[in-house]
Amino acid sequence: MAWKHRHLVDVDVFSEEDLYTVLEEAVRMEEVMKRPLKKVPALRGKVVANMFFEPSTRTRTSFELAEKFLSADVINWSSSGSSTAKGESLEDTAKTIEAMGVDAVVVRNKQVGTPEYLIKKLNGACVMNAGDGARAHPTQALLDLYTAWRHFGSLRGRKMAIVGDILHSRVARSDIYAFSKVGVQVVVSGPRSLVPLHVFDLAEYEPDVRKAVKGADMVYALRIQRERQEEGLFPSIDEYHNQWGINEEVLSHASKGAVVMHPGPMNRGVEIDSFVADGDRCLVLDQVKSGVAVRMALLFLYLAGGGDR
Ligand code: CP
């Protein structure tokens, strides 16, 4: 099927068919990653700029790997060490990079709406959102969906409990859209002060984490985002850990084959116990691995339209 989307802002515009197109393409990309020579010429001659105005380990490196596996030329740009540090605006920076013949810009910024801003200001380069403020992290949602789909085979009718700081989490927002679109029942849990009203259209809220995870197939622990945390949204880190931290006892309320997921980086001993994070049921490293295949799939669909590999 020809890919009809030009930019990736969030997954809320994706139909169920679009989501499975990405997942199925990622399966093919995973095959490429298993080859001794992990490279296909699909994006030869294309240039991708990775622009990260916020810190990142997983998203930045997996985008770069994905681009290289597809034979694209890659520019890695970061705010420190560039003219942004001298006060150059986002618009001027992006236009400067586009003038060098860039086909796609992968952008992470604390400002919500940065992707749309760049789409308006640039002359047609594809814009991919690698996380904007607390709003959206579409590639994380897609890699989460892929990881769960590969693990369970089928997702419709399953239950997912997302636990933690929903308010500040771009991952939660994008995950709620993606998982509910494919028929997963999503329940969120955490301090009421960290659950925004908008989730209630697509997810239930259950403050008691044991009730929230009851019968869940996927327990998704969110990072407490100390960098976005206003004072006083919950009593203390210890209190948070005691009430909403994911440990073996909490997991005993989930379904027998339940898995644990986390977007990383993890605050061990806060939202997740080390015993759980290092246990057999934890898919965190599968999520990281899926990130490369899913980003390869997305780059291929957006930049080559799903044509020749
Ligand atoms: N999950 C995620 O976005 O991780 P990074 O911040 O390391 O990219």
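Read the numbers this way: they start at 1 and go in the same order the structure lists the ligands and their atoms. Just so you know, residue 1 is the first one in the sequence shown, and it goes up from there. When reading the values below, keep in mind they use all heavy atoms of this one structure, side chains included, and skip hydrogens, waters and symmetry mates.
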Given the ring of F52, does R108 sit roughly above its face, with NZ or CZ under 6.0 Å from the centre of the six-membered ring and within 45° of the axis? no
Using ring pair (Phe, Tyr, Trp, His ring centres under 6.0 Å) as the criterion, list what pairs up with H5, not counting sequence neighbours. W3, F14
What does the list of residues with a heavy atom under 4.0 Å from ligand 1 look like, ordered by chain and number? S56, T57, R58, T59, R108, H137, Q140, P263, G264
R268: salt bridge (charged side-chain N to carboxylate O under 4.0 Å, His left out) partners, not counting sequence neighbours: D278
Would N76 and N50 count as having a side-chain donor-acceptor pair, cut-off 3.5 Å? yes
Listing, residues 180-191 side-chain donor-acceptor contacts under 3.5 Å, not counting sequence neighbours, or none:
from, atom 1, to, atom 2, distance (Å)
S180, OG, I176, O, 2.5
S180, OG, Y177, O, 3.4
Q185, NE2, E204, OE2, 2.9
S189, OG, E206, O, 2.7
S189, OG, P207, O, 3.3

Compute whether any side-chain donor of one residue and acceptor of the other, for R150 and S290, lie under 3.5 angstrom apart. no
